[in-house]
Amino acid sequence: MGRRGAAALLRPAATGLFAVLLPLVSACSAPVPGPEPGDWLVIPVSSEPESLNFVLAGNTPAKWIGRLVADSLVDHDENLRLVPRLAASWEFSDDQRTLTFRLRDGVRWHDGAPFRAEDVVFTYERIVDPASGPNSKRSQFREVERVEAPDHRTVRVTYGQPYAAALYAWQIPILPKHIFESEDFLTSSYNRRPVGTGPYRFVEWKTARQVVLEANRDYWGIRPSLHRIVFRIIPSRNTQYQALLAGEVDLAVLPPERWQELRDRSEPGPWKFYRYSTLRIAYIAWNGNGDHAALADPRVRRAFTLLIDRREFVERVMLGFGEIAASPFHPALSAHDPDLAPLPHDPQEAGRLLDAAGWKIPAGGGFREKDGDRLGFRLLTSSGTDWQEKFSVLLQESFGRAGVEVRIRRVEYTALAAQVRKGAYEAAVSTWGLDIDPDPFPFAHSSQIGGGWNLAAYRNAEVDRLLEEGRRILDSDRRDQIFREIGDILARDQPYTFLFFFSVPLAIDSRFENVKFSPLGFFDWYPGILDWYVPEGRRKYGRSGSGQARSPDADRDQMN
Amino acid sequence: MRPYLIRRILYLIPTLLGITLVTFLLLKMIPGGPEDALFSVDTPIVRDAGELARFRAEHRLDQPVLVQYLHWLGRVARLDFGRSFRDHRQVRTLIRERLPHTLLLNVAALGLMFTLSLPLGLLSAVARGSWYDRLSGVLLYSLYCLPNFAVALVLQLLLAMHWNLLPLQGLESLDADRLGGIGFLWDRFLHLLLPTICLTYGGLAYLARFSRAGLLESIRQEYITVARAKGLSETMVLLKHALRNSMIPLLTLFGMLVPALISGSVIIERIFSWPGIGRLFFTAIEGRDYPLIMGLSTLSALLSLGGLLAADLLYAWADPRVAYRRRGSS
């Protein structure tokens with residue numbers, strides 16, 4: 001055969017042996033085995049994070065980055081069950097007023113310092129500190145009396161009374177005490193270059209352009225398989241769509257028509273198509289504070305809900321990207337009552353109810369009247385939201401046919417929020433991004449009228465009692481039972497007409513494997529995108545970032 | 001000239017004061033305030049009444065409007081524009097991060113506009129009445145009518161998506177950090193092209209026809225006849241004499257274009273993901289971020305007034321007939 005022949009045989013043999021040995025070797029060295037890391041994920045976002053201080057900042061990009069750069073004590077898995085994250089275990093005391101967390105060992109901050117219980121206490125203190133300014137996380141800790149760290153691995157939270165939603169609150173990202181204690185919390189430079197314990201480290205933030213994160217090789221948990229995650233700031237949804245087509249971003253939320261178009265093309269493109277439901281609910285708030293006689297009458301509100309053909313709207317206008325809501329409880333939550341059906345579209349029954357309430361169509365036709373007053377109201381919607389514009393017009397039409405006059409007023413979003421908060425409105429269409437804790441206290445309890453979130457000024461002593469009870473019961477089955485009772489009463493009284501929960505049309509580059517969703521999204525669960533990976537042959541971005549797919553050998557060389 | 005300059009700069013002060021006062025008053029009249037944008041706008045939570053009161057007290061939102069304005073003014077006099085409600089960063093830092101990008105875009109657009117429109121107008125004037133004159137007129141007016149967001153979308157579709165000639169959006173490519181000096185500049189240049197074209201084409205019609213009119217006007221003047229009579233070539237007549245005088249109306253236009261461009265680039269910045277101040281302004285208004293809105297408005301006013309002043313000064317330079325200094329009786 002000769003030397004050259006032998007060498008020719010040796011190389012493939014060596015490569016073959018190497019290929020067999022390498023996974024074994026890497027499996028031995030990595031405590032958590034996973035697919036070999038590599039490639040990037042480029043995600044478009046419409047706006048910048050408010051800041052990267054995860055306590056202060058609340059907008060979506062900040063929350064997403066917070067999930068990657070920082071860890072929380074607990075989190076939710078694919079099925080919305082609570083799972084441990086920084087807290088290895090937890091338990092409630094017998095009187096249910098004390099929650100004790102046992103923290104994981106060996107967790108380090110990205111700068112190498114050890115993670116300790118004191119960091120949790122510090123984060124809590126910053127949240128409740130009035131000097132931190134407006135802060136949506138604060139309300140979840142109202143019932144907390146104190147938070148202590150008896151030792152470096154234990155956090156003890158004491159509540160004034162048993163608080164049902166205690167654990168939900170601890171999904172907040174934990175911040176490093178050793179970094180922030182000597183800084184001004186509001187203006188620290190670390191709000192632009194965060195340090196966390198999470199699976200991704202912060203690399204850079206080019207204002208209004210991108211935020212770049214890189215995999216944390218020393219992460220205590222599941223090793224992320226994607227080397228880099230880049231959040232590209234692309235304000236225009238249409239440009240995001242074009243960027244997806246051009247391959248400049250790896251996923252995009254598309255308008256429903258585009259999503260269908262792309263998916264149903266005869267030549268499929270390099271994307272996979274997903275839809276996922278969200279906790280964002282569309283609703284109409286009816287101001288029941290008594291200024292408007294008709295709206296204060298539950299029969300009238302019920303009739304109004306019966307006049308709305310939600311099914312038709314979701315099918316035709318939202319192209320199916322919505323789930324009709326019978327109550328404020330999302331179907332994926334255990335608080336949801338499967339036996340509670342949404343009110344159907346029934347104009348006849350609506351007419352009967354309105355007649356019974358005294359609002360009758362006069363002899364000559366026209367709008368319904370009672371004691372000389374015409375039945376009608378002003379509907380506030382926010383301008384610039386496509387579905388709301390269509391919805392309000394359809395509503396006006398169908399209500400008009402039933403003898404109800406609807407006057408539409410389109411207002412800029414913040415102005416709408418102001419009017420509604422002050423109670424200076426009759427009916428308003430809007431959306432809420434509901435929390436995973438289903439407690440409807442903020443919008444259904446009478447104490448929250450006037451400046452709070454009980455926009456409908458809804459007063460019901462039974463509901464108040466149930467809500468108060470629901471906040472104290474830790475047993476989730478009993479709590480769900482209470483929520484179902486509340487849902488039934490709300491469905492009867494209709495202080496709000498809950499329209500539907502939004503579903504999101506998403507397209508993702510097909511090179512990503514292991515893409516899974518919780519019922520509520522692809523990002524907001526653990527481990528979420530940490531499980532995604534790209535098989536070696538299909539990678540687009542090498543670790544150094546060049547835009548061409550690299551050969552498997554080159555990748556392997558890079559990693560060694 | 002110098003006393004004129006000093007007088008003009010001094011006039012800026014009451015003008016700016018007036019603009020900022022009116023802006024401030026208008027801002028306070030807009031329905032809704034920062035509390036409607038900052039306090040968990042769209043997730044129902046148990047509201048803490050104290051939080052709102054604290055916020056309003058801290059930012060003096062309950063005091064009389066004029067008192068608030070004077071307070072703002074006092075800080076601005078020390079060049080302190082305050083901090084954004086949203087992320088607590090200094091307003092001047094926020095502006096400094098993004099202003100260069102908007103300026104680059106606008107300067108490029110202005111430059112391109114003038115570079116193209118002068119020769120276009122010149123040729124039209126010289127070839128007055130010809131097919132070229134008529135055709136260019138029609139084309140330019142058609143361009144003027146096209147809304148710039150529509151043109152932007154079409155150009156994106158054609159040049160970026162279909163023919164892959166230019167980048168779709170952004171300031172630079174994903175891996176721009178790895179490019180060398182020349183590569184980096186070239187990458188930036190390519191990204192600058194489309195948004196600049198979108199900002200330029202509309203103004204072209206305006207300026208080209210204006211310069212045409214100005215040139216035709218000056219050609220009819222007596223000094224042109226004199227120049228021709230002196231035996232100068234037509235080119236010399238045009239370039240040396242007619243052109244300079246026809247630039248006068250153009251210069252006044254220049255001053256008025258600056259503010260128009262800054263506000264007009266908001267849409268283009270959004271479509272092309274250009275990290276300028278347009279988007280910042282928009283988000284600030286949505287969020288009723290008073291310090292930031294006042295900072296941006298003041299900046300915008302300054303740039304506009306600066307543009308007008310520059311136009312006036314160029315006007316004086318271009319036309320020596322304009323006397324800025326009294327020399328006894330003239």
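To find a chain, count down the sequence lines: A is the first, B the second, and so on, and within it residues start at 1.
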Arg54(B) meets the salt bridge (charged side-chain N to carboxylate O under 4.0 Å, His left out) criterion, sequence neighbours left out, with Asp48(B)
Residues at least two apart in sequence or cross-chain that pass salt bridge (charged side-chain N to carboxylate O under 4.0 Å, His left out) with Arg142(A), listed by chain then number, are none
Check whether any side-chain heavy atom of Lys28(B) lies under 4.5 Å from a side-chain heavy atom of Leu61(B), and answer yes or no.
yes
message = Does Glu204(A) form a salt bridge (Lys or Arg N to Asp or Glu O under 4.0 Å) with Arg193(A)? I'd like the steps, not just the answer.
response = CA-CA 7 Å; Glu204(A) 72 171 2; Arg193(A) 46 184 183 114; over 6 Å; no
[X] versus chain B, heavy atoms under 4.5 Å apart: side chain, backbone, both or neither?
X	answer
Ile233(A)	backbone
Ser46(A)	backbone
Asn238(A)	side chain
Gln242(A)	both
Glu412(A)	side chain
Lys206(A)	side chain
Val411(A)	neither
Val212(A)	neither
Asn454(A)	neither

Greatest number of heavy atom pairs closer than 4.5 Å to chain B - which of [options]:
options	value
Gln448(A), Arg138(A), Arg209(A)	Arg209(A)
Val420(A), Asn135(A), Asn191(A)	Asn135(A)
Gln419(A), Arg232(A), Lys422(A)	Arg232(A)

**Asked** Yes or no on side chain to side chain donor-acceptor pair (under 3.5 Å) for Glu248(A) and Gln169(B), after CA distance, side-chain angles and deciding distance?
**Response** CA-CA 10 Å; Glu248(A) 283 185 24; Gln169(B) 45 98 22; 3.0 Å; yes
Would you give the length of the straight line joining atom [atom1] of [X] to atom [atom2] of [Y], rounded to the nearest 0.5 angstrom?
X	Y	atom1	atom2	answer
Arg279(B)	Glu48(A)	CZ	CD	9.5 Å
Thr239(A)	Arg270(B)	OG1	CZ	8.0 Å
Arg96(B)	Leu299(B)	CZ	CG	13.0 Å

### Message
Check Asp289(B) with Arg86(B), please: is the shortest side-chain N to carboxylate O separation under 4.0 Å?
### Response
no
Less than 3.5 Å apart, any donor N or O on the side chain of His71(B) or Gln63(B) sitting next to an acceptor on the other? no
- Item | Asp187(B) versus Ser173(B), side-chain donor and acceptor atoms under 3.5 Å | yes
If you count heavy-atom pairs under 4.5 Å with chain A, which of [options] comes out on top?
options	result
Gln156(B), Arg98(B), Glu58(B)	Arg98(B)
His101(B), Glu286(B), Glu172(B)	Glu172(B)
Gly32(B), Gly276(B), Pro275(B)	Pro275(B)

Quiz prompt | Check against side chain to side chain donor-acceptor pair (under 3.5 Å), Thr207(A) and Arg192(A) | solution = CA-CA 10 Å; Thr207(A) 304; Arg192(A) 306 271 307 168; 2.8 Å; yes
Using heavy-atom distances under 4.5 Å, tell me whether [X] contacts chain A through its side chain, its backbone, both, or neither.
X	value
Ile30(B)	neither
Leu280(B)	neither
Ile271(B)	both

Contacts satisfying salt bridge (charged side-chain N to carboxylate O under 4.0 Å, His left out) that involve residues 146-169 of chain B (not counting sequence neighbours) are none
Among residues 157-164 of chain B, those lying within the under-4.5 Å heavy-atom range of chain A are Leu157(B), Met161(B)
Self-check item: Side-chain (Asp36(B)) to main-chain (Gly33(B)) donor-acceptor, under 3.5 angstrom
Solution: yes
Does Phe85(B) have Arg83(B) sitting over its ring (NZ/CZ under 6.0 Å from centre, angle to axis within 45°)? no
